[in-house]
Amino acid sequence: MCGIVGYIGTEQAAPIILDGLSKLEYRGYDSAGVALTALGMERVAVRKKAGRLANLVQDIERDPMPEATVGIGHTRWATHGKPSVVNAHPHTSCDGRIAIVHNGIIENFAELREELEGR
């Protein structure tokens with residue numbers, strides 16, 4: 001299981017995403033992350049931490065993320081791959097313009113990797 005939350009609106013996204021993740025933490029407490037974006041941002045701002053959601057919240061309180069009105073968040077229960085920052089979501093594209101989260105194991109990852117590397 002994992003907890004996934006998203007927000008698009010006029011309010012600042014980070015507090016809304018973090019509040020949503022706090023309600024979903026029971027679905028995953030191995031790591032947590034958030035991705036934020038807004039008009040004019042060239043790259044998605046991403047912050048991830050291993051461990052409980054409190055680790056991420058404390059990190060953002062120490063070093064606030066940029067203002068943004070769009071975001072996604074994720075709490076992870078590690079069913080495949082160890083709990084770590086590298087395995088935490090959101091994952092980003094190579095250019096940093098796209099961030100995704102997902103629930104579960106991507107069973108055909110090897111085929112997808114081969115196809116993408118072929119491009």
Side-chain angles (χ1 to χ4, degrees):
M1 288 194 303
C2 297
I4 299 172
V5 63
Y7 175 77
I8 299 173
T10 58
E11 303 294 321
Q12 291 302 306
I16 294 167
I17 298 292
L18 293 172
D19 181 60
L21 290 177
S22 72
K23 292 171 174 59
L24 296 173
E25 187 174 20
Y26 72 95
R27 295 185 57 88
Y29 42 81
D30 291 329
S31 63
V34 63
L36 304 174
T37 192
L39 288 175
M41 290 177 64
E42 289 187 30
R43 298 174 64 94
V44 177
V46 176
R47 192 78 57 87
K48 308 188 284 187
K49 289 291 175 186
R52 299 193 74 93
L53 177 61
N55 296 343
L56 177 65
V57 171
Q58 290 169 359
D59 186 64
I60 292 172
E61 287 173 350
R62 279 192 303 271
D63 180 19
M65 295 184 74
E67 292 188 4
T69 57
V70 176
I72 56 175
H74 187 271
T75 59
R76 181 172 184 255
W77 182 357
T79 58
H80 189 75
K82 67 180 181 176
S84 68
V85 173
V86 171
N87 288 332
H89 300 220
H91 298 300
T92 55
S93 59
C94 293
D95 64 6
R97 296 180 63 196
I98 299 170
I100 63 164
V101 300
H102 66 86
N103 188 9
I105 300 166
I106 299 175
E107 298 288 347
N108 64 336
F109 75 90
E111 292 88 355
L112 291 170
R113 173 177 277 171
E114 184 177 326
E115 178 184 335
L116 290 169
E117 287 176 344
R119 292 184 189 175

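When reading the values below, keep in mind they use all heavy atoms of this one structure, side chains included, and skip hydrogens, waters and symmetry mates. Note that the structure is a prediction, hence the values are computed from the model and not measured.
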In the structure I gave you, are the side-chain heavy atoms of Leu24 and Ile4 within less than 4.5 Å of one another anywhere?
no

Kindly indicate whether the side chain of His91, heavy atoms from C-beta on, has any atom under 4.5 Å from the side chain of Val101.
no

In terms of side-chain geometry, is the basic nitrogen of Glu42 or Arg97 positioned less than 4.0 Å from the acidic oxygen of its partner?
no

Sidechain-backbone polar pair: Thr75 side chain, Gly3 backbone, donor-acceptor under 3.5 Å:
yes

Considering all heavy atoms, the nearest Leu36-Pro66 contact:
CD1-O, 3.8 Å

Less than 4.5 Å apart, side chain to side chain, heavy atoms only: is that true for Glu11 and Thr69?
no

Just so I know, are the side chains of Ser31 and Arg76 near enough to count as touching, which here means a heavy-atom distance under 4.5 Å?
yes

Indicate, with yes or no, if Met65 and Leu21 share a hydrophobic cluster defined by side-chain heavy-atom contacts under 4.5 Å among Ile, Leu, Val, Met, Phe, Trp and Tyr.
yes

Hey, is the main chain of Ala50 close enough, under 3.5 Å, to the side chain of Asn55 for a donor-acceptor pair?
yes

Does CD1 in Ile105 sit with more than 12 non-hydrogen atoms of other residues, nucleotides or ligands closer than 6.0 Å?
yes

With a 4.5 Å cut-off on side-chain heavy atoms, are Ile106 and Asn108 touching?
yes

Heavy-atom side-chain contact between Gln12 and Ile16 under 4.5 Å
no

List the atom of Ala68, the atom of Ala38, and the distance in Å for their closest heavy-atom pair.
CA-CB, 3.9 Å

Heavy-atom count around Leu116 CG within 6.0 Å, excluding the residue itself: above 12?
yes

Going by heavy atoms in the side chains, are Thr37 and Arg43 under 4.5 Å from each other?
no

Does Ser93 use its side chain to pair, donor to acceptor, with the backbone of Ile98 at less than 3.5 Å?
yes

Of the non-hydrogen atoms in Val44 and Ala35, which two are nearest, and what is the gap between them?
CG1-CB, 3.6 Å

How close do Thr92 and Ala99 get, heavy atom to heavy atom, and via which atoms?
CG2-CB, 4.1 Å

Are any side-chain N or O atoms of His74 and backbone N or O atoms of His102, one a donor and one an acceptor, separated by less than 3.5 Å?
yes

Pairwise distance CD(Glu114) to CD(Glu117) - rounded to 0.5 angstrom:
8.0 Å

Could you tell me whether the side chain of Asp30 and the main chain of Gly51 form a donor-acceptor pair under 3.5 Å?
no

Going hydrophobic residue to hydrophobic residue with side-chain gaps under 4.5 angstrom, can you get from Leu53 over to Tyr29?
no

Minimum-distance pair of heavy atoms, taken over all atoms of Cys2 and Trp77:
SG-N, 4.0 Å

Do Leu56 and Lys48 have side chains that approach each other closer than 4.5 Å (heavy atoms only, starting at C-beta)?
no

Show your working on side-chain contact (heavy atoms from CB on, under 4.5 Å) between Ile60 and Val34 and close with a plain yes or no.
CA-CA 10 Å; Ile60 292 172; Val34 63; 3.9 Å; yes

